[in-house]
Protein chains: 2
Amino acid sequence: MATTDTKGELLDCAQDLIQRVGVNAMSYNDLSVEVGIRKASIHYHFPKKDDLIEALLLRCGNDYSDRYREIASSQKTVLEKLEALADMFDNSLAQGKICLVGMLCVESTTLSDKLQNTLESTINNCIGVIESIFIQGVADQTLPQDMNTNEAAHAFHDTLLGAQIIARSLKSRDHFKIAATTYLNLLRG
Amino acid sequence: MATTDTKGELLDCAQDLIQRVGVNAMSYNDLSVEVGIRKASIHYHFPKKDDLIEALLLRCGNDYSDRYREIASSQKTVLEKLEALADMFDNSLAQGKICLVGMLCVESTTLSDKLQNTLESTINNCIGVIESIFIQGVADQTLPQDMNTNEAAHAFHDTLLGAQIIARSLKSRDHFKIAATTYLNLLRG
DNA sequence: GATGAAATGCCTACCAGTAGGTAGGTAAGT
DNA sequence: ACTTACCTACCTACTGGTAGGCATTTCATC
(Lines give C-alpha, C1' and ligand atoms only; values in the text may rest on other atoms or scores of the structure.)
Protein backbone atom coordinates (compact mmCIF):
# COMPACT_ATOMS: atom_id res chain seq x y z
CA MET A 1 0.00 0.00 0.00
CA ALA A 2 2.56 2.60 1.11
CA THR A 3 5.13 3.40 -1.52
CA THR A 4 8.82 3.73 -0.71
CA ASP A 5 9.66 6.43 -3.25
CA THR A 6 9.47 10.06 -2.12
CA LYS A 7 6.71 11.01 -4.53
CA GLY A 8 4.55 8.21 -3.20
CA GLU A 9 5.35 9.12 0.39
CA LEU A 10 4.36 12.70 -0.32
CA LEU A 11 1.03 11.56 -1.71
CA ASP A 12 0.43 9.23 1.23
CA CYS A 13 1.24 11.86 3.84
CA ALA A 14 -0.61 14.62 2.03
CA GLN A 15 -3.73 12.46 1.81
CA ASP A 16 -3.43 11.58 5.47
CA LEU A 17 -3.12 15.24 6.47
CA ILE A 18 -5.94 16.39 4.22
CA GLN A 19 -8.26 13.70 5.52
CA ARG A 20 -7.51 14.81 9.06
CA VAL A 21 -7.40 18.62 8.87
CA GLY A 22 -8.49 19.58 5.35
CA VAL A 23 -6.72 21.12 2.35
CA ASN A 24 -6.62 24.64 3.71
CA ALA A 25 -5.16 23.64 7.07
CA MET A 26 -2.52 21.43 5.44
CA SER A 27 0.64 23.21 4.35
CA TYR A 28 3.76 22.23 2.45
CA ASN A 29 5.58 22.86 5.72
CA ASP A 30 3.50 20.30 7.64
CA LEU A 31 4.06 17.88 4.81
CA SER A 32 7.83 18.43 4.77
CA VAL A 33 8.05 17.65 8.49
CA GLU A 34 6.04 14.48 8.01
CA VAL A 35 8.00 13.18 5.03
CA GLY A 36 11.41 14.36 6.17
CA ILE A 37 12.49 16.51 3.24
CA ARG A 38 12.65 20.30 3.02
CA LYS A 39 9.60 22.31 2.12
CA ALA A 40 11.13 23.64 -1.08
CA SER A 41 11.95 20.11 -2.23
CA ILE A 42 8.29 19.23 -2.37
CA HIS A 43 7.94 21.74 -5.18
CA TYR A 44 10.29 19.59 -7.23
CA HIS A 45 7.74 16.76 -7.21
CA PHE A 46 4.61 18.91 -7.18
CA PRO A 47 5.39 22.45 -8.37
CA LYS A 48 2.04 23.82 -7.19
CA LYS A 49 -0.27 22.67 -4.45
CA ASP A 50 -2.84 22.19 -7.19
CA ASP A 51 -0.60 19.57 -8.78
CA LEU A 52 -0.46 17.63 -5.53
CA ILE A 53 -4.21 17.63 -5.06
CA GLU A 54 -4.80 16.77 -8.70
CA ALA A 55 -2.50 13.75 -8.36
CA LEU A 56 -4.25 12.79 -5.15
CA LEU A 57 -7.67 12.83 -6.79
CA LEU A 58 -6.53 10.78 -9.77
CA ARG A 59 -4.87 8.23 -7.48
CA CYS A 60 -7.99 8.11 -5.34
CA GLY A 61 -10.07 7.01 -8.35
CA ASN A 62 -7.70 4.11 -8.98
CA ASP A 63 -7.27 3.08 -5.34
CA TYR A 64 -10.98 3.11 -4.82
CA SER A 65 -11.57 0.94 -7.86
CA ASP A 66 -8.93 -1.50 -6.66
CA ARG A 67 -10.36 -1.88 -3.19
CA TYR A 68 -13.82 -2.20 -4.66
CA ARG A 69 -12.84 -4.99 -6.99
CA GLU A 70 -11.83 -6.97 -3.93
CA ILE A 71 -15.27 -6.48 -2.46
CA ALA A 72 -17.18 -6.97 -5.70
CA SER A 73 -15.34 -10.15 -6.68
CA SER A 74 -15.95 -11.68 -3.26
CA GLN A 75 -18.61 -14.26 -2.53
CA LYS A 76 -20.59 -11.85 -0.36
CA THR A 77 -24.25 -10.97 -0.79
CA VAL A 78 -25.18 -7.51 -2.02
CA LEU A 79 -26.04 -6.26 1.45
CA GLU A 80 -22.81 -7.69 2.82
CA LYS A 81 -20.93 -5.82 0.12
CA LEU A 82 -22.63 -2.57 1.09
CA GLU A 83 -21.66 -3.33 4.68
CA ALA A 84 -18.08 -3.91 3.59
CA LEU A 85 -18.17 -0.52 1.93
CA ALA A 86 -19.44 1.05 5.12
CA ASP A 87 -16.58 -0.71 6.93
CA MET A 88 -14.10 1.10 4.69
CA PHE A 89 -15.55 4.39 5.88
CA ASP A 90 -15.54 3.15 9.46
CA ASN A 91 -11.88 2.26 9.12
CA SER A 92 -10.98 5.81 8.07
CA LEU A 93 -13.07 7.13 10.91
CA ALA A 94 -11.17 5.00 13.40
CA GLN A 95 -8.05 6.90 12.33
CA GLY A 96 -9.80 10.26 12.59
CA LYS A 97 -9.95 10.59 8.85
CA ILE A 98 -12.76 11.79 6.58
CA CYS A 99 -13.23 10.41 3.06
CA LEU A 100 -10.83 12.38 0.82
CA VAL A 101 -13.49 13.19 -1.75
CA GLY A 102 -15.92 14.38 0.92
CA MET A 103 -13.25 16.53 2.52
CA LEU A 104 -12.39 18.17 -0.79
CA CYS A 105 -16.07 18.69 -1.58
CA VAL A 106 -16.52 20.70 1.57
CA GLU A 107 -13.59 22.91 0.66
CA SER A 108 -14.27 22.82 -3.06
CA THR A 109 -15.14 26.52 -3.30
CA THR A 110 -11.52 27.32 -2.43
CA LEU A 111 -10.15 25.06 -5.17
CA SER A 112 -9.25 26.07 -8.73
CA ASP A 113 -11.76 25.48 -11.52
CA LYS A 114 -9.62 22.67 -12.88
CA LEU A 115 -9.57 20.88 -9.53
CA GLN A 116 -13.31 21.33 -9.13
CA ASN A 117 -13.81 19.56 -12.44
CA THR A 118 -11.43 16.76 -11.50
CA LEU A 119 -13.23 16.43 -8.20
CA GLU A 120 -16.55 16.12 -9.97
CA SER A 121 -15.18 13.31 -12.13
CA THR A 122 -13.76 11.54 -9.11
CA ILE A 123 -17.12 11.69 -7.33
CA ASN A 124 -18.88 10.19 -10.32
CA ASN A 125 -16.18 7.55 -10.55
CA CYS A 126 -16.72 6.59 -6.90
CA ILE A 127 -20.50 6.59 -7.21
CA GLY A 128 -20.21 4.38 -10.29
CA VAL A 129 -18.40 1.83 -8.17
CA ILE A 130 -21.12 1.92 -5.52
CA GLU A 131 -23.87 1.83 -8.10
CA SER A 132 -22.54 -1.40 -9.57
CA ILE A 133 -23.38 -3.08 -6.26
CA PHE A 134 -26.91 -1.70 -6.35
CA ILE A 135 -27.27 -2.87 -9.98
CA GLN A 136 -26.25 -6.33 -8.87
CA GLY A 137 -28.83 -6.15 -6.08
CA VAL A 138 -31.64 -5.32 -8.47
CA ALA A 139 -30.50 -8.06 -10.84
CA ASP A 140 -30.51 -10.78 -8.17
CA GLN A 141 -33.76 -9.40 -6.69
CA THR A 142 -32.21 -8.50 -3.33
CA LEU A 143 -33.38 -4.95 -3.95
CA PRO A 144 -36.70 -3.61 -5.37
CA GLN A 145 -37.01 -3.96 -9.14
CA ASP A 146 -38.05 -0.34 -9.59
CA MET A 147 -35.05 1.04 -7.71
CA ASN A 148 -33.12 3.81 -9.45
CA THR A 149 -29.63 2.44 -8.85
CA ASN A 150 -27.84 5.70 -9.51
CA GLU A 151 -29.98 7.65 -7.08
CA ALA A 152 -29.75 4.87 -4.50
CA ALA A 153 -25.97 4.79 -4.75
CA HIS A 154 -25.79 8.55 -4.32
CA ALA A 155 -28.10 8.52 -1.30
CA PHE A 156 -26.16 5.69 0.32
CA HIS A 157 -22.88 7.47 -0.18
CA ASP A 158 -24.34 10.72 1.17
CA THR A 159 -25.34 8.94 4.35
CA LEU A 160 -21.93 7.34 4.82
CA LEU A 161 -20.19 10.68 4.34
CA GLY A 162 -22.52 12.63 6.61
CA ALA A 163 -22.34 9.99 9.31
CA GLN A 164 -18.55 9.89 9.11
CA ILE A 165 -18.31 13.66 9.55
CA ILE A 166 -20.70 13.87 12.49
CA ALA A 167 -19.34 10.73 14.15
CA ARG A 168 -15.81 12.11 14.20
CA SER A 169 -16.91 15.29 15.96
CA LEU A 170 -19.01 13.33 18.44
CA LYS A 171 -16.00 11.06 18.96
CA SER A 172 -18.33 8.13 18.52
CA ARG A 173 -17.68 5.34 16.06
CA ASP A 174 -20.99 3.95 17.26
CA HIS A 175 -22.72 6.94 15.74
CA PHE A 176 -21.38 5.93 12.35
CA LYS A 177 -22.19 2.26 12.74
CA ILE A 178 -25.73 3.02 13.84
CA ALA A 179 -26.34 5.40 10.96
CA ALA A 180 -24.99 2.88 8.46
CA THR A 181 -27.01 0.05 9.99
CA THR A 182 -30.14 2.20 10.11
CA TYR A 183 -29.79 2.87 6.41
CA LEU A 184 -29.11 -0.75 5.50
CA ASN A 185 -32.13 -1.81 7.54
CA LEU A 186 -34.28 0.63 5.63
CA LEU A 187 -33.00 -0.98 2.42
CA ARG A 188 -33.94 -4.41 3.74
CA GLY A 189 -37.47 -3.03 4.04
CA MET B 1 -33.27 38.17 10.41
CA ALA B 2 -30.22 40.33 9.70
CA THR B 3 -29.27 42.60 12.60
CA THR B 4 -28.36 46.24 12.07
CA ASP B 5 -25.70 46.51 14.75
CA THR B 6 -22.08 45.86 13.81
CA LYS B 7 -21.70 42.83 16.06
CA GLY B 8 -24.70 41.21 14.43
CA GLU B 9 -23.47 42.08 10.96
CA LEU B 10 -20.11 40.52 11.78
CA LEU B 11 -21.83 37.33 12.88
CA ASP B 12 -24.05 37.26 9.79
CA CYS B 13 -21.16 37.82 7.38
CA ALA B 14 -18.83 35.45 9.20
CA GLN B 15 -21.45 32.71 9.10
CA ASP B 16 -22.03 33.34 5.43
CA LEU B 17 -18.32 33.14 4.66
CA ILE B 18 -17.75 30.04 6.76
CA GLN B 19 -20.68 28.24 5.18
CA ARG B 20 -19.24 29.01 1.76
CA VAL B 21 -15.49 28.53 2.16
CA GLY B 22 -14.92 27.09 5.63
CA VAL B 23 -13.35 28.44 8.82
CA ASN B 24 -9.77 28.08 7.68
CA ALA B 25 -10.30 29.86 4.38
CA MET B 26 -12.20 32.69 6.05
CA SER B 27 -10.05 35.50 7.42
CA TYR B 28 -10.66 38.63 9.46
CA ASN B 29 -9.55 40.51 6.36
CA ASP B 30 -12.27 38.96 4.19
CA LEU B 31 -14.74 39.72 6.91
CA SER B 32 -13.64 43.36 7.24
CA VAL B 33 -14.14 43.93 3.51
CA GLU B 34 -17.61 42.39 3.68
CA VAL B 35 -18.77 44.35 6.73
CA GLY B 36 -17.00 47.59 5.88
CA ILE B 37 -14.92 48.16 8.99
CA ARG B 38 -11.18 47.72 9.42
CA LYS B 39 -9.69 44.34 10.21
CA ALA B 40 -8.36 45.47 13.57
CA SER B 41 -11.79 46.76 14.60
CA ILE B 42 -13.22 43.26 14.42
CA HIS B 43 -10.97 42.37 17.33
CA TYR B 44 -12.87 44.90 19.41
CA HIS B 45 -16.03 42.83 19.08
CA PHE B 46 -14.39 39.40 18.94
CA PRO B 47 -10.85 39.55 20.38
CA LYS B 48 -9.93 36.11 19.06
CA LYS B 49 -11.26 34.17 16.09
CA ASP B 50 -12.29 31.55 18.63
CA ASP B 51 -14.64 34.07 20.24
CA LEU B 52 -16.32 34.71 16.92
CA ILE B 53 -16.87 31.03 16.19
CA GLU B 54 -18.04 30.36 19.74
CA ALA B 55 -20.64 33.13 19.39
CA LEU B 56 -21.64 31.73 16.02
CA LEU B 57 -22.24 28.27 17.43
CA LEU B 58 -24.27 29.54 20.37
CA ARG B 59 -26.38 31.70 18.07
CA CYS B 60 -26.85 28.77 15.73
CA GLY B 61 -28.47 26.72 18.47
CA ASN B 62 -31.00 29.46 19.13
CA ASP B 63 -31.70 30.26 15.48
CA TYR B 64 -32.20 26.62 14.70
CA SER B 65 -34.65 26.23 17.57
CA ASP B 66 -36.55 29.31 16.41
CA ARG B 67 -36.91 28.16 12.85
CA TYR B 68 -37.86 24.72 14.06
CA ARG B 69 -40.63 26.01 16.28
CA GLU B 70 -42.21 27.49 13.17
CA ILE B 71 -42.16 24.08 11.53
CA ALA B 72 -43.19 22.12 14.62
CA SER B 73 -46.09 24.39 15.50
CA SER B 74 -47.47 24.18 11.98
CA GLN B 75 -50.37 21.99 10.93
CA LYS B 76 -48.14 19.78 8.80
CA THR B 77 -47.88 16.00 9.02
CA VAL B 78 -44.67 14.48 10.37
CA LEU B 79 -43.34 13.63 6.95
CA GLU B 80 -44.18 17.11 5.72
CA LYS B 81 -42.22 18.52 8.63
CA LEU B 82 -39.21 16.41 7.74
CA GLU B 83 -39.58 17.68 4.19
CA ALA B 84 -39.66 21.24 5.47
CA LEU B 85 -36.44 20.52 7.31
CA ALA B 86 -34.88 19.18 4.14
CA ASP B 87 -36.06 22.37 2.42
CA MET B 88 -34.05 24.42 4.91
CA PHE B 89 -30.93 22.55 3.83
CA ASP B 90 -31.94 22.95 0.18
CA ASN B 91 -32.27 26.67 0.71
CA SER B 92 -28.71 26.96 2.01
CA LEU B 93 -27.53 24.83 -0.87
CA ALA B 94 -29.18 27.19 -3.35
CA GLN B 95 -26.90 29.91 -1.97
CA GLY B 96 -23.83 27.67 -2.17
CA LYS B 97 -23.77 27.25 1.58
CA ILE B 98 -23.18 24.16 3.73
CA CYS B 99 -24.84 23.72 7.11
CA LEU B 100 -22.69 25.66 9.62
CA VAL B 101 -22.47 22.76 12.04
CA GLY B 102 -21.48 20.35 9.29
CA MET B 103 -18.85 22.74 7.99
CA LEU B 104 -17.31 23.12 11.43
CA CYS B 105 -17.41 19.37 12.02
CA VAL B 106 -15.30 18.79 8.94
CA GLU B 107 -12.72 21.28 10.16
CA SER B 108 -13.17 20.43 13.83
CA THR B 109 -9.66 18.97 14.22
CA THR B 110 -8.27 22.46 13.63
CA LEU B 111 -10.47 24.01 16.33
CA SER B 112 -9.56 24.55 19.98
CA ASP B 113 -10.70 21.99 22.56
CA LYS B 114 -13.23 24.45 23.92
CA LEU B 115 -14.76 24.99 20.49
CA GLN B 116 -14.88 21.25 19.85
CA ASN B 117 -16.92 20.85 23.02
CA THR B 118 -19.25 23.69 22.10
CA LEU B 119 -19.63 22.15 18.67
CA GLU B 120 -20.56 18.83 20.20
CA SER B 121 -23.27 20.48 22.28
CA THR B 122 -24.59 22.34 19.27
CA ILE B 123 -24.85 19.12 17.28
CA ASN B 124 -26.79 17.43 20.06
CA ASN B 125 -29.00 20.50 20.32
CA CYS B 126 -29.79 20.33 16.59
CA ILE B 127 -30.39 16.59 16.66
CA GLY B 128 -32.75 17.05 19.62
CA VAL B 129 -34.83 19.35 17.48
CA ILE B 130 -34.99 16.80 14.68
CA GLU B 131 -35.67 13.95 17.06
CA SER B 132 -38.75 15.70 18.43
CA ILE B 133 -40.32 15.32 14.98
CA PHE B 134 -39.52 11.62 14.92
CA ILE B 135 -40.95 11.24 18.43
CA GLN B 136 -44.12 12.86 17.22
CA GLY B 137 -44.17 10.44 14.26
CA VAL B 138 -43.93 7.41 16.51
CA ALA B 139 -46.64 8.83 18.79
CA ASP B 140 -49.14 9.40 15.98
CA GLN B 141 -48.17 6.06 14.38
CA THR B 142 -46.84 7.63 11.18
CA LEU B 143 -43.54 5.89 11.91
CA PRO B 144 -42.83 2.33 13.16
CA GLN B 145 -43.49 1.85 16.90
CA ASP B 146 -40.09 0.24 17.47
CA MET B 147 -38.14 3.08 15.87
CA ASN B 148 -35.24 4.46 17.90
CA THR B 149 -36.00 8.13 17.44
CA ASN B 150 -32.56 9.35 18.41
CA GLU B 151 -30.81 7.08 15.95
CA ALA B 152 -33.34 7.89 13.25
CA ALA B 153 -32.85 11.62 13.75
CA HIS B 154 -29.09 11.22 13.53
CA ALA B 155 -29.28 9.12 10.38
CA PHE B 156 -31.66 11.57 8.72
CA HIS B 157 -29.43 14.51 9.55
CA ASP B 158 -26.37 12.62 8.28
CA THR B 159 -28.07 12.09 4.95
CA LEU B 160 -29.09 15.73 4.61
CA LEU B 161 -25.57 16.89 5.40
CA GLY B 162 -23.84 14.42 3.09
CA ALA B 163 -26.26 15.16 0.27
CA GLN B 164 -25.78 18.90 0.70
CA ILE B 165 -22.01 18.56 0.49
CA ILE B 166 -21.96 16.34 -2.58
CA ALA B 167 -24.75 18.28 -4.32
CA ARG B 168 -22.85 21.54 -4.06
CA SER B 169 -19.76 20.06 -5.70
CA LEU B 170 -21.84 18.43 -8.43
CA LYS B 171 -23.58 21.80 -8.86
CA SER B 172 -26.86 19.94 -8.74
CA ARG B 173 -29.68 20.87 -6.41
CA ASP B 174 -31.48 17.90 -7.90
CA HIS B 175 -28.91 15.63 -6.33
CA PHE B 176 -29.91 16.92 -2.93
CA LYS B 177 -33.63 16.73 -3.57
CA ILE B 178 -33.35 13.18 -4.86
CA ALA B 179 -31.28 12.04 -1.88
CA ALA B 180 -33.73 13.62 0.55
CA THR B 181 -36.72 12.16 -1.27
CA THR B 182 -35.07 8.75 -1.48
CA TYR B 183 -34.60 8.77 2.27
CA LEU B 184 -38.13 9.97 3.02
CA ASN B 185 -39.50 7.28 0.71
CA LEU B 186 -37.55 4.65 2.61
CA LEU B 187 -39.15 6.00 5.81
CA ARG B 188 -42.60 5.67 4.23
CA GLY B 189 -41.74 2.00 3.77
C1' DG C 1 35.71 -0.02 -19.33
C1' DA C 2 36.64 5.01 -18.85
C1' DT C 3 34.63 9.71 -19.57
C1' DG C 4 31.88 13.87 -20.20
C1' DA C 5 27.17 15.46 -20.11
C1' DA C 6 22.83 15.55 -18.72
C1' DA C 7 19.16 14.47 -15.68
C1' DT C 8 17.64 13.54 -10.88
C1' DG C 9 16.59 14.78 -6.25
C1' DC C 10 17.56 17.21 -2.86
C1' DC C 11 19.46 21.45 -0.43
C1' DT C 12 19.94 26.68 1.42
C1' DA C 13 18.33 31.10 1.05
C1' DC C 14 15.08 34.05 -0.12
C1' DC C 15 10.63 36.52 -1.68
C1' DA C 16 6.00 38.85 -1.42
C1' DG C 17 1.67 38.23 0.56
C1' DT C 18 -1.33 37.29 4.24
C1' DA C 19 -2.57 35.34 8.68
C1' DG C 20 -4.17 36.51 13.56
C1' DG C 21 -3.27 39.76 16.83
C1' DT C 22 -1.58 44.16 19.52
C1' DA C 23 -0.67 49.14 20.79
C1' DG C 24 -2.19 53.32 21.07
C1' DG C 25 -4.89 57.11 19.41
C1' DT C 26 -9.45 59.61 18.57
C1' DA C 27 -14.07 61.24 18.16
C1' DA C 28 -18.59 60.89 19.87
C1' DG C 29 -22.09 59.57 23.30
C1' DT C 30 -23.42 58.99 28.35
C1' DA D 1 -14.65 61.25 33.36
C1' DC D 2 -15.66 57.13 31.27
C1' DT D 3 -17.20 54.06 27.74
C1' DT D 4 -18.05 52.81 23.10
C1' DA D 5 -16.67 51.89 18.60
C1' DC D 6 -13.88 52.68 15.57
C1' DC D 7 -9.16 54.05 13.39
C1' DT D 8 -3.81 53.79 11.79
C1' DA D 9 0.29 51.51 12.26
C1' DC D 10 2.68 47.75 13.29
C1' DC D 11 4.29 42.94 14.84
C1' DT D 12 5.55 38.02 14.28
C1' DA D 13 4.63 33.77 12.16
C1' DC D 14 3.67 31.36 8.31
C1' DT D 15 1.84 30.76 3.47
C1' DG D 16 2.91 29.10 -1.42
C1' DG D 17 6.47 29.73 -4.42
C1' DT D 18 11.27 30.80 -6.76
C1' DA D 19 16.41 30.91 -7.69
C1' DG D 20 20.30 28.79 -7.74
C1' DG D 21 23.72 25.49 -5.87
C1' DC D 22 25.36 20.70 -5.25
C1' DA D 23 25.98 15.93 -4.93
C1' DT D 24 24.62 11.49 -7.09
C1' DT D 25 22.99 8.63 -10.68
C1' DT D 26 22.18 7.55 -15.62
C1' DC D 27 23.89 6.99 -20.03
C1' DA D 28 25.62 7.70 -24.73
C1' DT D 29 30.13 8.05 -26.81
C1' DC D 30 34.95 7.14 -27.28
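What you see below is based on every heavy atom in this structure, not just the backbone, and it leaves out hydrogens, waters and symmetry mates. The sequence lines fix the lettering, A, B, ..., with proteins before strands; numbering per chain opens at 1.
Close to dA5(D), at under 4.0 Å from its OP1 or OP2, lies no side-chain N or O of Ser41(B). Close to dC10(C), at under 4.0 Å from its OP1 or OP2, lies no side-chain N or O of Tyr44(A).
Between Arg20(A) and Asp16(A), at least one side-chain nitrogen of the basic residue sits less than 4.0 Å from a carboxylate oxygen of the acidic one, meeting the salt-bridge criterion. Looking at Arg59(A) and Asp66(A), no side-chain N of the basic residue comes within less than 4.0 Å of a carboxylate O on the acidic one, giving no salt bridge. A salt bridge does not link Glu54(A) to Lys48(A): none of the charged side-chain nitrogens sits closer than 4.0 Å to a carboxylate oxygen.
Listed nucleotides: dT8(D), dT4(D), dC10(C). Nearest to the side chain of Ala40(B): dT8(D). Closest contact between the side chain of Thr6(A) and the listed nucleotides dC10(C), dC7(D), dA5(D) involves dC10(C). Minimum atom distance to the side chain of Arg38(B) is reached by dC7(D), of the listed dC7(D), dC10(C), dA5(D).
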For residues 149-157 of chain A, run the donor-acceptor check on the side chains, cut-off 3.5 Å, and write out each pair with its distance to 0.1 Å, sequence neighbours left out.
unit_1    : atom_1 : unit_2    : atom_2 : d
Thr149(A) : OG1    : Glu131(A) : OE2    : 2.8
Glu151(A) : OE2    : Asn148(A) : ND2    : 3.3
His154(A) : ND1    : His175(B) : ND1    : 3.3

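We find that CD of Glu9(A) is positioned 14 Å from C1' of dG9(C), with the value rounded to whole Å. Distance CG (Leu31(B)) to C1' (dG20(C)): 13 Å, rounded to an integer number of Å. The NZ atom of Lys7(B) sits 11 Å away from the P atom of dC6(D) (whole-angstrom rounding). Regarding Asp5(A), its CG atom lies at a distance of 17 Å from the P atom of dT25(D), rounded to whole Å. Rounded to a whole Å, the NE2 atom of His45(B) is 12 Å from the C1' atom of dC7(D).
The side chain to side chain contact (heavy atoms under 4.5 Å, CB included) with Leu160(A) is formed by just one residue from the set Asp90(A), Leu85(A), Leu93(A), Leu82(A); it is Leu85(A).
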Under 3.5 Å between N/O atoms: give me all the protein pairs with nucleotides 13-16 of chain D, atom names plus distance.
unit_1  : atom_1 : unit_2   : atom_2 : d
dT15(D) : OP1    : Ser27(A) : OG     : 3.0
dG16(D) : OP1    : Lys49(A) : NZ     : 3.0
dG16(D) : OP2    : Tyr28(A) : N      : 3.0
dG16(D) : N7     : Lys39(A) : NZ     : 3.1
dG16(D) : O6     : Lys39(A) : NZ     : 3.2

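Under the 4.5 Å side-chain heavy-atom criterion for Ile, Leu, Val, Met, Phe, Trp and Tyr, Leu186(B) and Leu79(B) are members of the same hydrophobic cluster.
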